[in-house]
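Scroll down for the structure; my scribbles are underneath it.
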Amino acid sequence: MHDFHYLNGELICEKVKVNDIASQSKTPLYLYSRKTVSDHYRKLNTAFSSIPHLICYSLKANSNIYLLKLLAEMEAGADVTSGGELFKALLSGIAPGKIVYAGVGKTQDEITYALNKGILMFNVESIQELHLINEIAGRMKKKAAVAIRVNPDVEVETHAYIRTGKSEDKFGLTIDIADNIFKKRDSFHNVELKGVHLHIGSQITSVTPFTESIRKVVGFIEALNFELKWLNIGGGLGIIYRDEKPSTAEEFAQAVIPLVKERGLKIILEPGRFIVGNAGILVTKVLYVKESGSRTFIVVDAGMNDLIRPSLYGAYHEIKPVQMRESEEIAADIVGPICETGDFFARDRKILKVKSGDFLAIFSAGAYGFSMASTYNSRPRCSEFLVEGDKFRLIREREQYEDLIRGEIY
Ligand SMILES: *Cc1c(COP(=O)(O)O)cnc(C)c1O
């Protein structure tokens with residue numbers, strides 16, 4: 001599953017003691033396993049090997065360039081949602097012809113940039129955007145390849161903030177509007193309609209919403225009577241944070257392949273969390289253990305600026321000492337140093353009694369961890385490390401105080 005495990009009470013990543021890294025470096029720090037990243041990528045790639053497909057890793061989950069280079073070496077494509085992500089994907093060596101670009105608010109500058117670089121296609125989210133792409137491509141004397149993002153309006157069980165496939169969510173176009181676009185395609189002279197895109201949300205553990213939406217969209221494509229090359233089924237595959245039972249890559253592929261195989265469509269997948277989520281941990285140091293009334297607070301040196309998922313989504317992350325000692329289990333709130341009550345990693349959590357100076361590992365932090373980090377409270381963003389077998393390397397330096405004022409005019 002992933003490459004973090006305990007040996008005699010000691011947390012090991014691949015073949016490296018996490019304590020060795022933490023005690024040599026300033027905490028907090030993110031730590032990733034190279035093997036987990038490549039294993040997850042290969043698992044999905046193998047599961048879909050019987051049909052033509054392209055895996056476009058979703059950069060927003062984690063866009064560290066070293067990790068992107070790893071994925072580029074494995075011939076992954078990229079799913080980007082901004083000019084900045086496009087820049088990073090290209091810099092990492094991901095081929096422009098394997099990059100898809102989604103998002104409801106692409107700007108003129110971003111569209112021009114992507115057209116200049118020759119990306120595989122835009123995933124278009126509104127008619128207004130399609131008009132703009134058509135106009136810009138015309139000015140540049142180019143033909144823009146696009147897929148229409150359809151909102152299939154299906155029930156998806158996940159946190160409302162990361163659900164994208166209901167008609168009241170801001171993403172994609174209804175099937176009726178998409179149909180209209182295909183009918184009027186001749187009026188978009190500088191656009192080539194190449195596919196249909198859907199992405200129904202994130203951290204989805206059951207295959208049913210996927211198969212239901214793919215069925216809808218395949219039905220729509222058949223009714224179009226128009227030669228389409230690509231069907232992009234998005235990302236969203238769920239992972240284990242606590243006791244979830246997500247479908248495996250194999251089960252997911254077994255459910256999806258029969259729905260698309262006979263249609264001669266090339267499939268694009270846009271996994272983010274599935275690839276990197278369980279490939280990373282956030283390591284933090286206990287600063288103080290504080291009793292207040294009936295509660296125990298474990299104050300650590302990481303904050304919501306480093307990992308915002310618990311504060312933002314009430315997300316659960318497993319938290320354990322990096323070195324487990326024989327000690328009693330207590331219930332505690334594990335909180336950061338930031339001046340907000342929402343700055344917590346866990347509440348009323350059972351954990352082995354720890355003391356100041358101990359390191360804690362916050363698990364499943366590889367996706368939407370560092371990529372959502374900020375410098376709130378003027379806290380420099382932390383470092384990132386990668387374990388490769390029995391070695392580890394720094395893949396992003398901890399920011400300095402000087403970095404906090406970069407660009408500020410005074
Ligand atoms: C966020 C996003 C993804 C990746 O979602 P995961 O749940 O991390 O797999 C894929 N496609 C689009 C369009 C997205 O917005």
Side-chain angles (χ1 to χ4, degrees), residues 37 40-41 43-45 47-48 53-63 67-68 71 76-82 84-86 89 98-106 110 114 119-126 129 146-152 156-166 169-173 195-207 209-210 213-214 217 230-241 244 246-249 252 256 267-280 309 312-313 315 364-372:
V37 172
H40 286 173
Y41 175 80
K43 242 179 226 170
L44 201 57
N45 206 23
F48 279 88
H53 70 281
L54 174 64
I55 297 183
C56 292
Y57 168 69
S58 188
L59 256 74
K60 74 182 196 280
N62 186 326
S63 62
L67 297 181
L68 296 180
L71 289 157
D79 160 44
V80 302
T81 55
S82 70
E85 284 189 351
L86 177 54
K98 289 183 178 174
I99 299 177
V100 293
Y101 189 158
V104 295
K106 302 176 193 81
E110 289 174 320
I119 64 165
L120 177 58
M121 69 183 90
F122 292 96
N123 293 322
V124 168
E125 311 232 11
S126 66
E129 181 195 333
V146 309
I148 303 300
R149 179 169 181 174
V150 169
N151 184 327
V156 181
E157 246 178 72
T158 189
H159 192 285
Y161 287 8
I162 52 174
R163 183 197 69 196
T164 57
K166 281 284 286 175
D169 303 333
K170 70 180 174 184
F171 297 94
L173 292 153
V196 174
H197 172 236
L198 68 143
H199 170 71
I200 53 175
S202 199
Q203 185 53 15
I204 301 164
T205 51
S206 146
V207 295
F210 290 110
S213 52
I214 292 169
V217 168
W230 294 96
L231 171 60
N232 183 337
I233 60 174
L237 285 168
I239 63 165
I240 301 172
Y241 285 97
E244 298 88 345
S247 58
T248 63
F252 177 67
V256 169
I267 299 302
I268 294 175
L269 299 119
E270 301 175 329
R273 193 186 308 267
F274 179 84
I275 306 277
V276 291
N278 278 322
R309 299 189 68 257
L312 189 60
Y313 311 128
S364 313
Y368 307 101
F370 191 92
S371 66
M372 292 178 102

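Atoms within a ligand are numbered from 1 in the order they appear, just like the ligands themselves. Source: prediction; values computed, not measured.
Among all non-hydrogen protein atoms, the one lying nearest atom 7 (O) of ligand 1 is Ser202 OG, 2.3 Å. Nearest to atom 4 (C) of ligand 1 among the protein's heavy atoms is Ser58 OG, 3.3 Å. Ranking the protein heavy atoms by distance from atom 10 (C) of ligand 1 puts Glu270 O, 3.2 Å first.
Here is the list of ligand 1 atoms found below 4.0 Å of a heavy atom in Pro271: 9 (O).
The backbone N or O of Arg149 lies less than 3.5 Å from no partner atom in the side chain of His197, so there is not a single donor-acceptor pair. In this structure a side-chain-to-backbone donor-acceptor pair under 3.5 Å is present from Ser126 to Glu129. Between the side chain of Gln203 and the backbone N or O of Ile239, at least one donor-acceptor pair lies under 3.5 Å. Side chain of Lys106 to main chain of Gly103: a donor-acceptor pair is present (N/O by atom type, distance under 3.5 Å, no hydrogens or angles). For the pair Asn151 (side chain) and Phe171 (backbone), a donor-acceptor distance under 3.5 Å is present. Looking only at distances, a side-chain donor or acceptor of Thr164 sits under 3.5 Å from a matching main-chain atom of Gly201.
Closest to atom 14 (C) of ligand 1 by heavy atom, among Glu125, His197, Lys60, is Lys60.
The shortest N/O to N/O separation between Arg149 and ligand 1 does not fall below 3.5 Å. Considering backbone and side-chain N/O atoms, Gly234 never comes within less than 3.5 Å of an N/O atom of ligand 1. Remark: ligand 1 and Gly272 share an N or O pair separated by less than 3.5 Å (distance only, no angle test).
The aromatic ring centres of Phe210 and Phe252 sit less than 6.0 Å apart.
With a 4.0 Å cut-off on non-hydrogen atoms, Arg273 touches ligand 1 through its backbone as well as its side chain. When non-hydrogen atoms are compared, ligand 1 lies under 4.0 Å from the side chain of Tyr368 (C-beta onward) but not from its backbone.
Judged by the 6.0 Å distance and 45° axis criteria, Arg309 is positioned over the aromatic ring of Tyr241.
Residue contacts with ligand 1: Ala367 is excluded, as none of its non-hydrogen atoms falls under 4.0 Å.
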